[in-house]
Amino acid sequence: MLALFFDLPGAMRYARADDPAVAAKNPYEGDASRAAAGRGLFNQYCAHCHGPNAFSPDPPRDLRRLKRRYGENMANVFHFTVMHGRPDKGMPNWTGRLDDDTIWTIFTFLQTVQAEP
Ligand code: HEC
């Protein structure tokens with residue numbers, strides 16, 4: 001059943017942070033001009049809570065730790081968290097405010113600033 005969703009073009013919509021079998025995938029992975037655009041979008045939408053260029057002194061908000069924290073599941077957790085937010089923790093949900101294109105462009109930037117474990 002889940003394998004069926006996996007091949008659909010809209011598969012990213014079904015991605016869940018707790019279900020690596022339905023993997024969210026960044027369509028722009030490794031694209032340097034996307035990463036540059038993503039830095040600008042990040043600073044516009046996210047930096048007032050997560051720090052300019054994703055440098056935050058507060059570990060739960062430090063998005064340079066996504067890879068260290070979630071490893072291969074990083075894209076899933078990122079996409080799920082941005083779509084659904086964490087209302088109890090102060091992370092807004094961006095569904096209807098940022099489209100998938102923008103979300104993955106921001107992620108492409110974040111991939112370039114991940115700190116080594
Ligand atoms: C109003 C403040 C605020 C804004 C704006 C905000 N966030 Fe967050 N975000 C938070 C907080 C606080 C957390 C930490 C939640 C926790 O402690 O689990 C968080 C957590 C996250 C996480 C999960 C981090 C982890 O390691 O589990 C991701 C991914 C994330 N935010 C992405 C974004 C992106 C992308 C944007 C911009 C589109 C954004 N956030 C904008 C407050 C914000």
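In listed order, ligands and their atoms are each counted from 1.
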Which value, rounded to the nearest 0.5 Å, describes the distance between [X] atom [atom1] and [Y] atom [atom2]?
X: L63; Y: F107; atom1: CG; atom2: CZ; value: 10.5 Å
X: M91; Y: C46; atom1: CE; atom2: SG; value: 7.0 Å
X: I103; Y: N26; atom1: CD1; atom2: CG; value: 11.5 Å
X: T95; Y: R97; atom1: OG1; atom2: CZ; value: 9.0 Å
X: N53; Y: N43; atom1: CG; atom2: CG; value: 4.5 Å

Would you kindly specify which portion of [X] sits under 4.0 Å from ligand 1, judged on non-hydrogen atoms: side chain, backbone, both or neither?
X: L66; result: side chain
X: L110; result: neither
X: I103; result: neither
X: F107; result: neither

Just to confirm my output: which protein heavy-atom neighbour is closest to [atom], and how far is it?
atom: atom 7 (N) of ligand 1; result: H50 NE2, 2.8 Å
atom: atom 42 (C) of ligand 1; result: G90 O, 3.4 Å
atom: atom 36 (C) of ligand 1; result: C46 SG, 2.7 Å
atom: atom 14 (C) of ligand 1; result: P60 O, 3.7 Å
atom: atom 28 (C) of ligand 1; result: L63 CD2, 3.7 Å
atom: atom 29 (C) of ligand 1; result: F78 CD1, 3.7 Å
atom: atom 15 (C) of ligand 1; result: K89 CB, 3.6 Å
atom: atom 33 (C) of ligand 1; result: M91 CE, 3.2 Å

### Task
Measure from NZ or CZ of R64 to the centre of the six-membered ring of F55 and say whether it is under 6.0 Å with the direction within 45° of the ring axis.
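Verdict for F55: a cation-pi partner in R64.
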Are any non-hydrogen side-chain atoms of [X] and [Y] less than 4.5 angstrom apart?
X: R34; Y: D101; answer: yes
X: E29; Y: T108; answer: no
X: V77; Y: F80; answer: no

Please report whether ligand 1 has a polar contact with [X], defined as an N or O pair separated by less than 3.5 Å (distance criterion only).
X: R69; answer: yes
X: R86; answer: yes
X: Y70; answer: yes
X: W94; answer: no

### For Y28, ring pair (Phe, Tyr, Trp, His ring centres under 6.0 Å) partners two or more places apart
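Not a single residue meets the ring pair (Phe, Tyr, Trp, His ring centres under 6.0 Å) criterion with Y28.
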### Query
Are D62 and R69 within salt-bridge range, i.e. N to O under 4.0 Å?
no
For [X], counting its heavy atoms only, list the atoms of ligand 1 lying under 4.0 Å from any of them.
X: V82; result: 32 (C), 35 (C)
X: L98; result: 38 (C)
X: R61; result: 12 (C)
X: T81; result: 22 (C), 23 (C), 28 (C)
X: H48; result: 5 (C)

### Task
Determine the minimum heavy-atom distance between A54 and L110, stating which atoms define it.
CB-CD2, 3.8 Å
### Query
S33 and D31: side chain to side chain donor-acceptor pair (under 3.5 Å), yes or no, with the steps?
CA-CA 6 Å; S33 65; D31 181 331; 3.0 Å; yes
### C49 near atom 8 (Fe) of ligand 1 via N/O/S, less than 2.8 Å
no
### Message
Less than 4.0 Å is my threshold; does some heavy atom of R65 fall inside it relative to ligand 1?
### Response
no
#### Entry: Partner of H79 by ring-ring contact (aromatic ring centres under 6.0 Å, His included), out of W94, Y70, W104
W104
